[in-house]
Chemist: 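Sharing a structure, written as structure tokens. Questions coming.
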2 protein chains.
Amino acid sequence: METEIAVRKLSALAHEGRLAVFRALVKAGPGGVAAGDIARKLKTAANTMSAQLLMLSNAGLIRARREGRSIIYAVDFEQMSSLLLFLTQDCCGGRAEICAPLAAVATSCCPPKRKQRA
Amino acid sequence: METEIAVRKLSALAHEGRLAVFRALVKAGPGGVAAGDIARKLKTAANTMSAQLLMLSNAGLIRARREGRSIIYAVDFEQMSSLLLFLTQDCCGGRAEICAPLAAVATSCCPPKRKQRA
DNA sequence: ATGATATTTCCATATTACATGAAATATGGA
DNA sequence: TCCATATTTCATGTAATATGGAAATATCAT
């Protein structure tokens with residue numbers, strides 16, 4: 001991951017409301033949640049929620065799909081994992097074996113395309 | 001970790017310069033690096049670097065200690081781990097066993113107080 | 001087509017963050 | 001004490017971002 005992209009992801013998360021949205025989506029898992037449902041759950045105005053979802057989406061942290069009149073948002077777990085990897089990369093002066101496993105575990109979380117574990 | 005504190009950490013990281021500083025310190029490990037050395041390495045003015053280190057420090061991501069005329073900064077790996085844990089908490093709708101191990105691995109990285117692994 | 005639901009876009013304003021030059025503080029050596 | 005090194009603090013102009021009301025767009029049902 002490039003630094004600029006990581007900064008965009010971190011900026012998207014560096015906001016009380018958006019962080020709450022992201023965490024709610026992390027909890028929800030790959031199935032995702034409709035924009036309106038998140039807005040109601042977090043007691044946020046629809047337009048505000050839309051802006052927050054847009055920013056998370058532009059950062060690549062979440063993805064949107066239409067389903068009827070609703071738009072369902074779900075975390076892009078691969079992107080999330082690569083961000084965590086980026087933050088922990090080369091941890092402790094090259095002794096990657098100490099910290100790198102973090103990345104592997106992250107990657108194994110809710111894989112969107114490859115084989116599931118449980 | 002509380003949301004407000006996580007936002008402060010993420011805000012501190014959501015900046016090209018500060019993210020570079022943080023990653024350099026992650027690479028350096030618990031030993032840390034002097035403020036001036038980081039500034040030279042990243043070709044940043046001393047006062048700018050000072051502001052960046054202050055913000056990372058206020059967020060709790062790094063710690064400072066004086067050593068002669070230099071001030072050495074090092075990542076607070078426990079704080080870093082708890083941030084990663086916060087982001088991945090309750091991942092995938094309660095099926096924590098899928099994602100929670102991430103936290104355990106993160107915690108095992110460069111423990112500042114408990115027993116070292118390698 | 002009309003109305004209801006779901007979400008987004010537009011816009012104005014208020015707030016906050018950023019970079020930089022210059023000065024201040026702290027430490028150690030002669 | 002005087003000077004050099006190391007880092008921080010201060011002040012300021014500029015730029016980025018947040019918020020919320022109102023309007024626009026898209027979908028579905030009647």
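Order of the sequence lines fixes the chain letters, A, B, ..., with proteins taken first and strands second; residue numbering starts at 1 for each chain.
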Chemist: Remember a base hit wins even if backbone is also touched, and classify A/Ser70 as base, sugar-phosphate or nothing at under 4.0 Å, heavy atoms.
Modeler: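 The answer is sugar-phosphate, as A/Ser70 gets under 4.0 Å only of primed atoms, P, OP1 or OP2.
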Chemist: When both hydrogen-bonding distances must be under 3.5 Å and the geometry is Watson-Crick or G-U wobble, what is D/dT8 paired with, if anything?
Modeler: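 Pairing partner, where one exists within any strand: C/dA23.
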Chemist: Please give me the minimum heavy-atom distance between B/Ala14 and A/Leu10, naming the atom from each residue.
Modeler: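 Here B/Ala14 and A/Leu10 meet closest at CB-C, 3.6 Å.
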Chemist: Could you state the CG-P distance from B/Leu54 to D/dT9, rounded to the nearest angstrom?
Modeler: 6 Å
Chemist: Return the value, rounded to whole Å, for the distance between atom CD1 of A/Ile71 and atom P of D/dC28.
Modeler: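 Whole-Å distance recorded here is 11 Å.
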Chemist: Are the side chains of B/Met80 and B/Leu83 in touch, meaning some heavy atoms are under 4.5 Å apart?
Modeler: no
Chemist: Classify B/Arg40 by what it touches in the nucleic acid, base, sugar-phosphate, or nothing, heavy-atom distance under 4.0 Å.
Modeler: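 Nothing, no nucleic acid heavy atom in range.
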Chemist: Could you list where the contact with chain A starts and ends along DNA chain C, reading 5' to 3', using a 4.0 Å heavy-atom cut-off?
Modeler: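 First and last nucleotides in contact are C/dA4 to C/dT9.
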Chemist: Output the rounded distance in Å from CD1 (A/Ile72) to P (D/dT27).
Modeler: 14 Å
Chemist: Between B/Arg23 and A/Phe86, is NZ or CZ placed under 6.0 angstrom from the six-membered ring centre and within 45° of the ring axis?
Modeler: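 Checked: cation-pi criterion met.
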Chemist: Could you check whether any side-chain heavy atom of B/His15 comes within less than 4.5 Å of a side-chain heavy atom of A/Val7, counting everything from C-beta outward?
Modeler: no
Chemist: Looking only at heavy atoms, which two atoms of A/Arg8 and A/Asn58 are closest? And how far apart?
Modeler: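 Where A/Arg8 meets A/Asn58 most closely, the heavy atoms are NH2-O, 2.9 Å.
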Chemist: List the residues meeting side chain to side chain donor-acceptor pair (under 3.5 Å) with B/Glu2, not counting sequence neighbours, and say none if there are none.
Modeler: none
Chemist: Assign A/Ala34 to base, sugar-phosphate, or nothing according to its heavy-atom contacts below 4.0 angstrom with the strands shown.
Modeler: sugar-phosphate
Chemist: Between A/Ser11 and B/Tyr73, who's closer to the 5' end of DNA chain D by nearest nucleotide?
Modeler: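 Between the two, 5'-proximity favours B/Tyr73.
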Chemist: Any base atoms under 4.0 Å from A/Ala35, or only sugar-phosphate, or nothing? Heavy atoms, all strands.
Modeler: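 Sugar-phosphate only.
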Chemist: Send over the distance from B/Arg69 CZ to D/dC3 P, rounded to a whole Å.
Modeler: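 Atom-to-atom, B/Arg69 to D/dC3, this comes out as 15 Å.
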Chemist: Can you tell me the Watson-Crick or wobble partner of C/dG29, both distances under 3.5 angstrom?
Modeler: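 Because both required distances fall under 3.5 Å, C/dG29 counts as paired with D/dC2.
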Chemist: Test of understanding: with salt bridge (Lys or Arg N to Asp or Glu O under 4.0 Å), list the residues that count as partners of B/Glu4, not counting sequence neighbours.
Modeler: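 With sequence neighbours excluded, B/Glu4 shows a salt bridge (Lys or Arg N to Asp or Glu O under 4.0 Å) to no residue whatsoever.
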